[in-house]
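First listed ligand is number 1; within each ligand, the first listed atom is number 1. Quick note: residue numbers are just sequence positions, from 1. In this text, all values refer to a predicted model and were calculated from it rather than measured experimentally.
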Amino acid sequence: MLCNITLHIEDDYTAMSQKAADIFAASVRGNPAGAYGFATGDTPIGMYKILIDFHLKGCLDLSGINAYNLDEYHPISKNNPNSYYYFMRKNLYDAVGLPPTSTFIPCGEAADPLKECMEYDEKITSTGGIDIQILGIGTNGHIGFNEPDDKLNAATHYVPLAEATIQSNAKNFGSLHEMPRHALTMGMHGIMMAKCILLLASGEKKARILNQALLGPITTQVPASFLQLHQNVIVVADKDAAGLLKLV
Ligand code: PGA
């Protein structure tokens, strides 16, 4: 049984992106000066394209929001096309007129990553809880770069990437050698503090972990399983990702 989780199962990636964009846009229209949490990865790109389309058609104004991102590789230059800073400017922020002064992301260039984490955590805490936090889910159950482990961190932290994440993301860097081995990530507290979580999942490769996250035991080995304890989670999945959910 799904407690506190609203599940939308859509036909395919396009329909999933549309549903997620509609939910997100409705929230921004209700609170156009709110704090919104964004995610990187392949999954939200379709949703971001639709948000850009809404903006171009004049039916969504994102210019008043403050935007927070979950995570960033470390070390990485902002100009590196694989940095999450670059990803967000290219796939959303520049296109909807969000200036760098209202977008926040842990800095992959920080000389002192621990200090950067503390400062980022202060920013997140000062929001009093992000209005909607968009999340993807890793095939290993990570959210942000909160990787499966014997324990999880509450605070924004500097983290070695799990082998599964390195293998899965190295394709973007061209080679394993180029792939950073660490990241800065919002911790479980920052994520769980969000007033609403909007989790997107697409494709058969997410089916096993989505089932474990939503219906399996709550365990640090599947960080996304902690979302079962959140009061307001919306999951938008396509049929392939939802294919192993046993809802009865
Ligand atoms: P993906 O990544 O959207 O590229 O599948 C999700 C994640 O790792 O959080």
Side-chain angles (χ1 to χ4, degrees), residues 10 12-17 19-21 24 37-51 68-74 76 81-88 90-92 105-106 108 130 132-149 152-153 156-157 159-174 179-188 190-192 194 197-214 220-227 230 233-244:
E10 304 295 327
D12 54 20
Y13 179 76
T14 306
M16 178 207 73
S17 302
K19 173 61 88 179
F24 187 81
F38 291 90
T40 49
D42 293 336
T43 314
I45 289 178
M47 170 190 176
Y48 295 161
K49 285 201 171 106
I50 295 167
L51 294 179
Y68 296 85
N69 262 89
L70 281 170
D71 48 16
E72 177 62 284
Y73 293 115
H74 191 279
I76 197 161
N82 286 305
S83 76
Y84 289 164
Y85 178 91
Y86 192 100
F87 175 103
M88 288 309 305
K90 175 173 143 231
N91 288 301
L92 187 68
I105 182 162
I130 283 168
I132 289 198
Q133 175 64 55
I134 299 162
L135 291 180
I137 180 170
T139 51
N140 65 357
H142 76 195
I143 45 177
F145 279 127
N146 293 280
E147 301 281 17
D149 205 340
L152 295 172
N153 274 283
T156 300
H157 57 286
V159 62
L161 296 177
E163 195 50 37
T165 303
I166 292 168
Q167 295 296 337
S168 140
N169 294 11
K171 62 178 189 305
N172 303 322
F173 285 84
M179 169 83 203
R181 294 303 200 259
H182 287 81
L184 310 170
T185 184
M186 203 191 283
M188 295 301 287
I191 294 172
M192 295 294 280
I197 303 273
L198 181 59
L199 178 83
L200 277 61
S202 170
E204 205 181 332
K205 68 176 185 214
K206 299 291 172 71
R208 182 193 57 84
I209 199 66
L210 191 65
N211 182 55
Q212 277 182 258
L214 302 187
T220 59
Q221 298 302 333
V222 181
S225 65
F226 279 80
L227 298 176
H230 193 281
V233 178
I234 302 172
V235 175
V236 187
D238 63 17
K239 273 187 184 155
D240 288 343
L244 293 179

Could you tell me, atom by atom, which parts of ligand 1 come under 4.0 Å of a heavy atom of [X]?
X: Gly138; value: 7 (C), 8 (O), 9 (O)
X: Gly41; value: 3 (O), 4 (O)
X: Gly136; value: 9 (O)

Region of Ile137 that comes within reach of ligand 1 [heavy atoms, distance under 4.0 Å]: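 Within the 4.0 Å criterion, Ile137 contacts ligand 1 through backbone atoms alone.
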Distance-only N or O hit between ligand 1 and Thr43, under 3.5 Å: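 Yes; at least one N/O pair falls below 3.5 Å.
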Check: Asp42 N/O within less than 3.5 Å of ligand 1 N/O: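 Looking only at distances, the answer is yes, because the N/O contact criterion of under 3.5 Å is met.
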Between Phe24 and Phe38, ring centroids under 6.0 Å: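 Yes.
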Would you say the side-chain atoms of [X] pair up with the backbone N or O of [Y], donor to acceptor, closer than 3.5 Å?
X: His230; Y: Met192; result: yes
X: Glu72; Y: Ile105; result: no
X: Asn146; Y: Met186; result: yes
X: Gln133; Y: Leu198; result: no

Nearest non-hydrogen protein atom, atom 8 (O) of ligand 1: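 I find the closest protein heavy atom is His142 NE2, 2.6 Å.
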Heavy atom of the protein closest to atom 5 (O) of ligand 1 (residue, atom name, distance):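 Scanning the protein heavy atoms, the shortest distance from atom 5 (O) of ligand 1 goes to Lys206 NZ, 2.6 Å.
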Non-hydrogen atoms of Ala213 and Ile137 that approach each other most closely: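 In this case the closest contact between Ala213 and Ile137 is CB-CD1, 3.9 Å.
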